[in-house]
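Values below: every heavy atom of this structure, side chains too, minus hydrogens, waters and symmetry copies.
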Amino acid sequence: MNENNENNGSTAPGEAADIVMTKNSKGCIKCLNIIGAIEGHTLLPSQSKTTKYEHVLPQLVEVEEDENVDGLLILLNTVGGDVEAGLAISEMISGMSKPKVSLVLGGGHSIGVPLAVSADISYIAPSATMTIHPMRTTGVVIGVSQTFEYMQKMQDRIIDFIVKNSNIEYDTYKNMMLTTDEIANDVGSVLFGEKAVECGLIDRVGSLKDAVAALYDLINEKK
């Protein structure tokens, strides 16, 4: 699929563009776009803009193993999506040895939060937002205690990853997630650029040039 897209620049309807590479005297970086909804094992409607985890995972392996690639820039504008797929991508990024920087543009909502903090340095645009809320589920739910215990464990997995990869405290994040007076008809919090940095969730407020400069600094330090 990568080869075809490089040849004609096309992507299937509703799918995010493939990873792209740029190279100059400072180094060679690849840019990964995570946009729309994170699609997991269930296909989303064809009219939805999606990022498919089965496309992203092998691309991350390629970045890690390609000796010609010095670093990874992750651009995020996502509404969230499949929890396990989002965590899988986040764990892959976090476990890479190559320098990586993320930039939240527009929104980094729900499972987009662990994706944003999985990089070595995370940025958020001043106008961007991040929504923090409890884990959702769809379909048939069996009303027994085991179901709710499972959901609690999954939620703790997400929070633990975020706390491990950012500067926010566990209790602070959980309180934001359970806030009842900030979102109409819902539970959770909406963080704008500066607020996301103030609470320790994101490292810095900045733009594309800031994120790219930080990535080249990391690359230079590693060299």
Shortest non-hydrogen pair, T78 vs G112, comes out as CG2-CA, 3.8 Å
Would you kindly confirm whether I121 and V104 end up in one hydrophobic cluster when ILVMFWY residues are joined by side chain heavy atoms under 4.5 Å apart? no
How many angstroms lie between atom CZ of R157 and atom NZ of K153, to the nearest 0.5 angstrom? 11.5 Å
Closest approach of A125 and L105, non-hydrogen atoms and distance? CB-CD2, 4.0 Å
Taking every heavy atom of P99 against every heavy atom of L215, the minimum-distance pair comes out as O-CD1, 3.6 Å
Please answer: with hydrophobic residues joined when any side-chain heavy atoms are less than 4.5 Å apart, are M92 and V113 in the same cluster? yes
Who passes side-chain hydrogen bond (donor to acceptor under 3.5 Å, both in side chains) against E169, sequence neighbours left out? none
Gap between atom CG of L57 and atom OH of Y53 - 0.5 Å precision: 7.5 Å
Checking T179 now: which residues fulfil side-chain hydrogen bond (donor to acceptor under 3.5 Å, both in side chains) with it, not counting sequence neighbours? S189
Identify the two heavy atoms, one from S118 and one from I93, that lie closest to each other, and give their separation to 0.1 Å. OG-CG2, 3.4 Å
Roughly how far, to the nearest 0.5 Å, is CD1 of I168 from NZ of K174? 13.5 Å
Residues clustered with V79, ILVMFWY side-chain links under 4.5 angstrom: none
Residues two or more places apart in sequence or in another chain: which of them pass side chain to side chain contact (heavy atoms under 4.5 Å, CB included) with P134? R136, Q155, M177, L178, V187
Can you list the other members of the hydrophobic cluster that holds L43, where links are side-chain heavy atoms under 4.5 angstrom apart? none
With sequence neighbours left out, what residues match M96 under side chain to side chain contact (heavy atoms under 4.5 Å, CB included)? L60, V63, E64, L72, K100
Just so I know, are the side chains of Q59 and L32 near enough to count as touching, which here means a heavy-atom distance under 4.5 Å? yes
Would you check if the side chain of N175 reaches a backbone N or O of T172 as a donor-acceptor pair within less than 3.5 Å? no
Quick one: are D160 and K164 in side-chain contact, heavy atoms under 4.5 Å? no
Check whether any side-chain heavy atom of K30 sits under 4.5 Å from a side-chain heavy atom of V20, and report yes or no. no
Taken in chain and number order and not counting sequence neighbours, the residues that satisfy side-chain hydrogen bond (donor to acceptor under 3.5 Å, both in side chains) with D217 are none
Among residues at least two apart in sequence or on other chains, which ones pass side-chain hydrogen bond (donor to acceptor under 3.5 Å, both in side chains) with T129? none
Only distances under 3.5 Å count here; give the side-chain donor-acceptor pairs of residues 191-206 to other protein atoms, sequence neighbours excluded, each with its distance to 0.1 Å.
residue	atom	partner	partner atom	Å
D203	OD2	S122	N	2.9
D203	OD2	S122	OG	3.3
R204	NH1	Y123	OH	2.8

Dump the intermediate steps for side-chain contact (heavy atoms from CB on, under 4.5 Å) on V212 and V101, then the final yes or no. CA-CA 8 Å; V212 171; V101 172; over 6 Å; no
Where the side chain of T131 meets the backbone of H109, is there a donor-acceptor pair that is under 3.5 Å apart? no
For D82 and I111, run side-chain contact (heavy atoms from CB on, under 4.5 Å): C-alpha distance rounded to whole Å, both residues' side-chain angles, the deciding distance at 0.1 Å, then the answer. CA-CA 8 Å; D82 187 280; I111 201 62; over 6 Å; no
From I158 CD1 over to S110 OG, what is the distance, rounded to the nearest 0.5 angstrom? 7.0 Å
Does some side-chain heavy atom of L75 sit less than 4.5 Å from a side-chain heavy atom of I34? no
Quick one: closest heavy-atom pair of L76 and S102, and the distance? CD1-CB, 4.4 Å
Is the backbone of I38 close enough, under 3.5 Å, to the side chain of K52 for a donor and an acceptor to pair up by distance? no
Compare every heavy atom of D66 with every heavy atom of K98, then report the nearest pair and how far apart it is. NZ-O, 2.8 Å
When the side chains of residues 83-91 are checked against the rest of the protein, which donor-acceptor pairs come out under 3.5 Å, sequence neighbours left out?
residue	atom	partner	partner atom	Å
S90	OG	G86	O	2.8
S90	OG	L115	N	3.3

Tell me whether D70 contacts the main-chain N or O of C28 through its side chain, where contact means a donor paired with an acceptor under 3.5 Å. yes
By side chain to side chain contact (heavy atoms under 4.5 Å, CB included) - contacts of T22 (at least two apart): I29
Is there a donor-acceptor pair under 3.5 Å between the side chain of N24 and the backbone N or O of K26? yes
Non-hydrogen side-chain atoms of I162 and Y170 separated by less than 4.5 Å: no
Could you tell me which residues satisfy ring-ring contact (aromatic ring centres under 6.0 Å, His included) with Y216, sequence neighbours excluded, listed by chain and number? none
Count the heavy atoms of every other residue, nucleotide or ligand shown that sit under 6.0 Å from NZ of K222, and state whether that count exceeds 12. yes
